[in-house]
Amino acid sequence: GQSLEQPSEVTAVEGAIVQINCTYQTSGFYGLSWYQQHDGGAPTFLSYNGLDGLEETGRFSSFLSRSDSYGYLLLQELQMKDSASYFCAGVSGGYQKVTFGTGTKLQVIP
Amino acid sequence: EAGVTQFPSHSVIEKGQTVTLRCDPISGHDNLYWYRRVMGKEIKFLLHFVKESKQDESGMPNNRFLAERTGGTYSTLKVQPAELEDSGVYFCASSQIKDVTEATEQFFGPGTRLTVL
């Protein structure tokens, strides 16, 4: 089976930097994705780490360390619109099964 | 290009009734997934189709849930008979089959909000 754990809630100030951690226990693990979900909306893809290291996409960066079974999403220059739930998701198996983490609700305050 | 669509957007039914949810994936996407999010909690995997075949249905709660994907195109998820605990938002997602080192982006539909009274 697979399990991915995240902090349930994080609060950060507008303009600041926040890191959302994800630890996982999976079999047949290939990589880690991150998704954003606003209340009432569909999850949207942010990033994917198929290899160890840092991936940067604009204000968002994601990191993976397979040896530590750990990854994180880094959001810089926080904006109010970044308030949402963020999910890490483990990709495994030859047909890319995706298992979502417990989710982190990020609140950005002025 | 059209995204993933789901129908209906909302459904309110009484316990014991039957409901069928439909998902139309992005054209050409062989992977199709069903998920459920209950009470703002985690997004729970239900099952995964590759084309018309069920690749993994380990997340299906019980035999009251039946999913099909005829011809490898759209998919339906039927709940019969519905119970109170089936309430939640059911998401469908699709993706292309890629090498696992590549970004495996799943495209989600807007979801169907199911309320069982």
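Just so we're on the same page: letters track the sequence lines, and every chain starts at 1.
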Asker: Are there more than 12 heavy atoms of other residues, nucleotides or ligands under 6.0 Å from atom CZ of Arg113(B)?
Answerer: no
Asker: Specify the closest pair of heavy atoms between Gln106(B) and Tyr35(A), including all atoms of both residues, with the distance to one decimal.
Answerer: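 It is N-OH, 2.9 Å.
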Asker: More than 12 non-hydrogen atoms from neighbouring residues, nucleotides or ligands closer than 6.0 Å to CZ on Phe29(A), yes or no?
Answerer: yes
Asker: Considering only heavy atoms, which portion of Gln37(A) lies under 4.5 Å from any heavy atom of chain B: side chain, backbone, both, or neither?
Answerer: side chain
Asker: Among Thr102(A), Thr99(A), Val98(A), which has the most heavy-atom pairs under 4.5 Å with chain B?
Answerer: Val98(A)
Asker: Using heavy-atom distances under 4.5 Å, tell me whether Ser85(A) contacts chain B through its side chain, its backbone, both, or neither.
Answerer: side chain
Asker: If you look at every heavy atom in Ala42(A) and Pro110(B), which pair is closest and at what distance?
Answerer: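 Nearest heavy atoms, Ala42(A) then Pro110(B): CB-CA, 4.1 Å.
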Asker: Give a yes or no on whether Lys54(B) atom NZ has more than 12 heavy-atom contacts from other residues, nucleotides or ligands under 6.0 Å away.
Answerer: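 Above 12, so yes.
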Asker: With a sphere of 6.0 Å drawn around CZ of Phe7(B), does it hold more than 12 non-hydrogen atoms of other residues, nucleotides or ligands?
Answerer: no
Asker: May I ask you to name which of Gly101(A), Pro43(A), Gly41(A), Gly103(A) has the most heavy-atom pairs under 4.5 Å with chain B?
Answerer: Pro43(A)
Asker: Testing Tyr35(B), Phe91(B), Tyr33(B) for ring-ring contact (aromatic ring centres under 6.0 Å, His included) with Phe100(A), which one passes?
Answerer: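 Only one of Tyr35(B), Phe91(B), Tyr33(B) forms a ring-ring contact (aromatic ring centres under 6.0 Å, His included) with Phe100(A), namely Tyr35(B).
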Asker: Using the rule that two of Ile, Leu, Val, Met, Phe, Trp, Tyr join whenever any of their side-chain heavy atoms come within less than 4.5 Å, decide whether Val89(B) and Phe45(B) are in one cluster.
Answerer: yes
Asker: Within a 6.0 Å radius of atom CD on Glu83(B), are there more than 12 heavy atoms belonging to other residues, nucleotides or ligands?
Answerer: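 Yes, because the 6.0 Å sphere around CD of Glu83(B) holds more than 12 heavy atoms from other groups.
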